[in-house]
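To start, the structure itself, in structure tokens.
Only a predicted model underlies this, so the values are computations on that prediction, with no experimental measurement involved. Ligands are counted one by one from 1 in listed order, and the atoms in each one are counted from 1 as well.
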Amino acid sequence: MAAAIVVLGLVALVGPPAALGLDNGLVRTPPMGWLAWERFRCNTDCKNDPENCISERLFRTMADLVVSEGYAAVGYEYINVDDCWLDKERGANGQLQPDYSRFPNGMRALSDYVHRLGLKFGIYEDYGNYTCAGYPGILGSLELDAQTFASWNVDYVKLDGCYSHPKDMDRGYPEFGYFLNKTGRQMVYSCSWPVYQIYAGIAPNFSSIIEHCNLWRNFDDIQDSWASVESVIDYYGDNQDAIIPNAGPGHWNDPDMLIIGNFGLSYEQSKTQMAIWAIIAAPLLMSVDLRTIRPEFKAILQNKGVIAVDQDPLGIQGRRIYKKSGIEIWSRPITPLQQNYFSYAVAFLNRRTDGTPSDVAVTLQELGLAYPGGYAVEDLFEEVSYGVLSPETKIKVKVNPSGVVILRANIHLPRFQSQNQKTVYDPYQHVFRTTARPNF
Ligand code: GAL
């Protein structure tokens, strides 16, 4: 007993205070940017492969292209380093240091470069002895490493969970979040905490995860294949009742990177990944070679209508509302609102492989779109408008194999009401409020 009291006393003296809440005001809509891992992995061979190795050169080049190729203009802003940037040893003062043969000017210089382009800079570490690829982890140096990131003007930290015990994460992830906050620099905090716990058979404490992390991984690493994308889609659909309530402005489920434009997805499958990621309010982190991406894939990544669904200010994660014979329908409540009604984004998926497009016919009402004044409906990839449709209208879409049709159905606002009234949705109380605007 006495020993237990001593141990608790020590924790109270050296540990962070009880209130660790993140509340950093960041990523009120899901973060958007570019992340190295899926496409560039742990290629450290700059001697033989200087253009593709994990290096200052690669990140500068991608940052340049994010701006010059129009990605920044549609919302992509974070340039995120992943694993394999570190030297195998810490510096003499115990500080993390990059492999200077690949990052000759250091991380602050790269961060400054990214900032000069008007973008934000993200970095990767691991709450363990080592990162997944075997570089130094933060265990034992949490405060110093948070300070180091702040001194490099880092805007976003992805904290992985290899080489640590999942049980320790309930304490460790909040503790590192506390040290990030303590630096006074606002940094998005991306956690791998739940996925490691789920794999270890521990039920994650999501109320704590939401409080301390801006986004978190809860499923497998994405790979360059349609099978991998499908497995993520199934995971999010099959577990939606548990997953959806955790998402909201400032805290998001992360189904992992967009692999659009790489080797594994067809054009149709790429549209499907983009549409479903938007429906589930996912971070949009491209992992693709922006030097060689083909124009049709670039157009998918830059589709403003689909991005607007992803970035909808309500921040409500959408759900699978229908699944039968290879056809799925997913929907997400979005703005604008009127009375007690949402607008919606609706995605029709064809998971069949029988080689010919499938027709889906359904009334808006059957999709849950019941606003009596009707909806202005448009197809976001085809950029076709269907005009204002009443809830009784039957819509018919043709969905290509492994493809998608994504519609936006905006509540049709009667003019006189929209001028005098404003409906807002309170995500915390789950209620609509209509406020009268002053009538001049
Ligand atoms: C995995 C992580 C990946 C990537 C990789 C780096 O655990 O989920 O996204 O960061 O480690 O080694």
Any side-chain heavy-atom pair of I411 and S343 under 4.5 Å: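 Result yes, sub-4.5 Å side-chain heavy-atom pair found.
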With sequence neighbours excluded, give me every side chain to side chain donor-acceptor pair (under 3.5 Å) pair touching residues 126-135. D83-T131
Hey, what polar pairs (N/O, under 3.5 Å) does ligand 1 make with protein?
{"residue": "ligand 1", "atom": "7 (O)", "partner": "D160", "partner atom": "OD1", "Å": "3.3"}
{"residue": "ligand 1", "atom": "7 (O)", "partner": "D160", "partner atom": "OD2", "Å": "2.8"}
{"residue": "ligand 1", "atom": "7 (O)", "partner": "Y196", "partner atom": "OH", "Å": "3.3"}
{"residue": "ligand 1", "atom": "8 (O)", "partner": "R217", "partner atom": "NH1", "Å": "3.1"}
{"residue": "ligand 1", "atom": "8 (O)", "partner": "D221", "partner atom": "OD1", "Å": "2.5"}
{"residue": "ligand 1", "atom": "8 (O)", "partner": "D221", "partner atom": "OD2", "Å": "3.4"}
{"residue": "ligand 1", "atom": "9 (O)", "partner": "K158", "partner atom": "NZ", "Å": "2.8"}
{"residue": "ligand 1", "atom": "9 (O)", "partner": "R217", "partner atom": "NH1", "Å": "3.4"}
{"residue": "ligand 1", "atom": "10 (O)", "partner": "D82", "partner atom": "OD1", "Å": "2.6"}
{"residue": "ligand 1", "atom": "10 (O)", "partner": "D82", "partner atom": "OD2", "Å": "3.4"}
{"residue": "ligand 1", "atom": "10 (O)", "partner": "K158", "partner atom": "NZ", "Å": "3.0"}
{"residue": "ligand 1", "atom": "11 (O)", "partner": "D160", "partner atom": "OD2", "Å": "2.9"}
{"residue": "ligand 1", "atom": "12 (O)", "partner": "D83", "partner atom": "OD2", "Å": "2.7"}

Mind checking side chain to side chain contact (heavy atoms under 4.5 Å, CB included) for A146 and listing every partner two or more places apart, or none if nothing turns up?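 Once residues adjacent in sequence are excluded, the partners of A146 under the side chain to side chain contact (heavy atoms under 4.5 Å, CB included) criterion are F176, F179, L180, T183.
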Compare every heavy atom of S164 with every heavy atom of G128, then report the nearest pair and how far apart it is.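 Shortest heavy-atom separation between G128 and S164 comes out as CA-CB, 3.6 Å.
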Whether H251 and W216 hold their rings parallel, tilted or perpendicular, with breakpoints at 30° and 60°: parallel
Test: disulfide bond (SG atoms under 2.5 Å apart). Region: residues 110-148. Which pairs qualify, not counting sequence neighbours? C132-C162
